[in-house]
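Have a look at the structure below before the remarks.
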Amino acid sequence: MSPSHRQLVEAVQYNCNISDARYAGNYTMCVYLLKMREYFRWEMEQDFNSSLTKDDVGRWLVEREQLWSDIEDSEYAHIHINGENHDPFDSDQINRKLINHGLVYSAGIGVKSKPHFFLGDLVRHDSLNGYNIFISSREYARDLTSPPAMSQNQTIYIRRESFKRMLWEKIETWRWSKPENAMARAIACYDFDDALDQSLENMTDNELESAILHEIGEIKAGEHLQGWQEMMSQIMFTQAEIMARAVRDHLADALSTLPALLEQQNDASIHFYMANLTNMRRHIFPSLMEAYQDWENSNDVSALRELVAKSKTHWLQLSQQILALFNQYGDNSHEHIEQLVNNNTL
């Protein structure tokens, strides 16, 4: 690693650490400890299936929390490239400088307004129907939460390393009790028993394409929902926030993800998609799981296809009604939003 590369990595990681210092306390203790174990594994370059000792993780955790305490009130550092300083949130300008060096950078605001930063090797850069898509592999700097996919304006960032780690965690979780569910059917599309590493690679590549479809759907949804991010920042830490995210996710997937997966007859990704619906998404869209089960039982996709087409209008109208309630009631809108969503399940 050249000195300039090392300096860049250190600056990005410094900003990651500041973000973690300010926002890591938002997680429940259980989620926090799970994320810290995975973060330790990444930082120490441990294999997915290597065992971690309590002593090693415990010492590292104490040191990391002390670091966070020391820098929590610090300002985010500028990103210095080729003699110029760049605002750390100016991903577009920074990437114009890095792309010829085979690197990709991203900075954005995620769930509960937490800033995310990362720097990684660029393995693929595509332009698709006006969307600018960056796919990274090895990551040199990242924060505690490493979202595998993010979109900003017309640009989509897919983090293959984070995606692969996320998939492995889900596979390991399923293996504890091996329930007969959608995740079992997704895993059965690969040969994890006899070719684990290759199967994980194949699953990662397949689900990366689904992630791109979802992010395209997010961008399309955003074109219909002016003021959505402002609303989300005002209803944080409420049930209404969780509901609004679920409604928008369903809209994004009705606009892009599910129609494409059904058209491609991508059974593995359809199973994986259903396996990873959150409880809230299942709660507000119970007919989706019913149509999926009908397809699984009959091998007839028509009911699922019809439901997805119908749902597009439903989720768009509901999203716009949520925004209207926020514009009407402001900070006091969350109870109205909760009642609206509960009364408009599909």
Side-chain angles (χ1 to χ4, degrees), residues 9-44 46 52-79 87-89 91 105-119 139-150 152 157 159 161-163 165-166 169-170 173 228-246 248-249 276 278-281 331-335 337-338:
V9 170
E10 290 173 354
V12 178
Q13 189 60 54
Y14 179 74
N15 289 339
C16 292
N17 292 339
I18 293 175
S19 176
D20 288 338
R22 295 177 181 176
Y23 291 89
N26 290 343
Y27 299 112
T28 64
M29 181 57 68
C30 180
V31 171
Y32 172 75
L33 291 175
L34 286 173
K35 285 185 175 293
M36 289 298 278
R37 280 177 61 85
E38 188 274 328
Y39 197 18
F40 173 86
R41 191 188 297 276
W42 169 79
E43 190 166 288
M44 300 302 166
Q46 297 285 327
L52 304 178
T53 68
K54 280 186 178 180
D55 289 343
D56 288 341
V57 177
R59 283 192 296 269
W60 174 86
L61 193 151
V62 170
E63 292 170 0
R64 184 51 47 94
E65 289 180 337
Q66 182 59 56
L67 170 64
W68 289 348
S69 177
D70 293 341
I71 65 174
E72 182 175 1
D73 297 324
S74 301
E75 296 294 326
Y76 291 115
H78 281 82
I79 304 301
D87 185 288
F89 290 96
S91 299
Y105 171 86
S106 175
I109 305 298
V111 176
K112 302 192 186 304
S113 297
K114 184 187 189 302
H116 295 292
F117 307 92
F118 95 93
L119 177 72
E139 296 183 3
Y140 297 103
R142 53 158 280 193
D143 48 89
L144 177 59
T145 301
S146 54
M150 289 188 71
Q152 298 172 337
Y157 298 95
R159 299 166 59 174
E161 182 177 289
S162 292
F163 215 97
R165 286 180 181 275
M166 181 267 289
E169 290 170 11
K170 291 183 179 296
T173 299
W228 187 269
Q229 296 305 324
E230 177 188 353
M231 178 191 74
M232 296 302 291
S233 68
Q234 296 298 315
I235 63 173
M236 279 196 303
F237 307 111
T238 67
Q239 185 80 346
E241 178 198 8
I242 299 171
M243 287 180 159
R245 290 190 185 280
R248 176 161 170 158
D249 278 339
N276 288 283
T278 64
N279 289 335
M280 180 58 73
R281 293 188 69 181
D331 292 344
N332 298 316
S333 62
H334 59 93
E335 291 184 358
I337 292 172
E338 292 169 23

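Just so it is clear, the values below take in all heavy atoms, side chains as well, and ignore hydrogens, waters and symmetry mates.
Using a distance-only test at 3.5 Å, with no hydrogens or angles considered, a donor-acceptor pair links the side chain of Ser91 to the main chain of Ala107. Of the possible donor and acceptor atoms, one in the side chain of Arg142 sits under 3.5 Å from a partner among the backbone N and O of Leu144. Using modelled atom types, no side-chain atom of Asp20 and backbone atom of Asp143 make a donor-acceptor pair closer than 3.5 Å. Under the 3.5 Å distance criterion, the side-chain polar atoms of Glu241 are matched with a main-chain donor or acceptor of Phe237. Under a 3.5 Å cut-off, the side chain of Ser19 and the backbone N or O of Cys16 do not form any donor-acceptor pair. Side chain of Tyr105 to main chain of Pro88: a donor-acceptor pair is present (N/O by atom type, distance under 3.5 Å, no hydrogens or angles). In this structure, the side chain of Ser69 does not engage the main chain of Glu65 through any donor-acceptor pair within 3.5 Å.
Between Phe89 and Phe117, the two ring planes are tilted [angle within 30° to 60°].
The nearest pair of heavy atoms linking Glu338 to Met243 is CA-SD, 3.5 Å. Of all non-hydrogen atoms in Trp68 and Asn17, the two that sit nearest each other are CD1-O, 3.6 Å. Of all non-hydrogen atoms in Ala21 and Ile71, the two that sit nearest each other are CB-CG1, 4.5 Å. Of all non-hydrogen atoms in Pro147 and Met150, the two that sit nearest each other are CG-SD, 3.6 Å. The two atoms that bring Gln13 and Ala141 nearest to each other are OE1-CA, 3.2 Å, heavy atoms only. Smallest separation of non-hydrogen atoms from Gln234 and Asp331: OE1-OD1, 2.9 Å.
In this structure, CE in Met36 is found 10.5 Å from CE in Met29, a value given to the nearest 0.5 Å. Note that CD1 of Ile337 and CD of Glu335 are 10.5 Å apart. Values are rounded to the nearest 0.5 Å. Rounded to the nearest 0.5 angstrom, Glu72 CD and Leu67 CG are separated by 11.5 Å. Remark: Thr278 OG1 to Ile242 CD1 distance equals 9.0 Å, nearest 0.5 Å. Of the inter-residue distances, the one linking Gln152 atom CD with Tyr157 atom OH reads 5.0 Å to the nearest 0.5 angstrom. To the nearest 0.5 Å, atoms CG (Asn26) and NZ (Lys114) are separated by 9.0 Å.
Using a 4.5 Å cut-off on side-chain heavy atoms (C-beta onward), Phe40 and Arg64 make no contact. Residues His116 and Ser106 fail the side-chain proximity criterion, which asks for heavy atoms closer than 4.5 Å. At a threshold of 4.5 Å between non-hydrogen side-chain atoms, the residues Leu33 and Arg37 do not count as touching. Annotation: side chain of Arg245 is not in contact with side chain of Met280 (no heavy-atom distance under 4.5 Å). Two residues are said to be in side-chain contact when any heavy atoms from C-beta on lie closer than 4.5 Å; Pro115 and Tyr23 meet this criterion.
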| task | Under the side-chain contact (heavy atoms from CB on, under 4.5 Å) rule, what do Met232 and Arg248 come out as? Steps first, then yes or no, please. | result | CA-CA 11 Å; Met232 296 302 291; Arg248 176 161 170 158; over 6 Å; no
| task | Output, in order, the C-alpha distance, side-chain angles, deciding distance and verdict of ring-ring contact (aromatic ring centres under 6.0 Å, His included) for Tyr14 and Tyr76. | result | CA-CA 8 Å; Tyr14 179 74; Tyr76 291 115; 8.5 Å; no
| query | Going through the checks in order, is the side-chain hydrogen bond (donor to acceptor under 3.5 Å, both in side chains) test met by Asn276 and Lys170? | reply | CA-CA 9 Å; Asn276 288 283; Lys170 291 183 179 296; 2.9 Å; yes
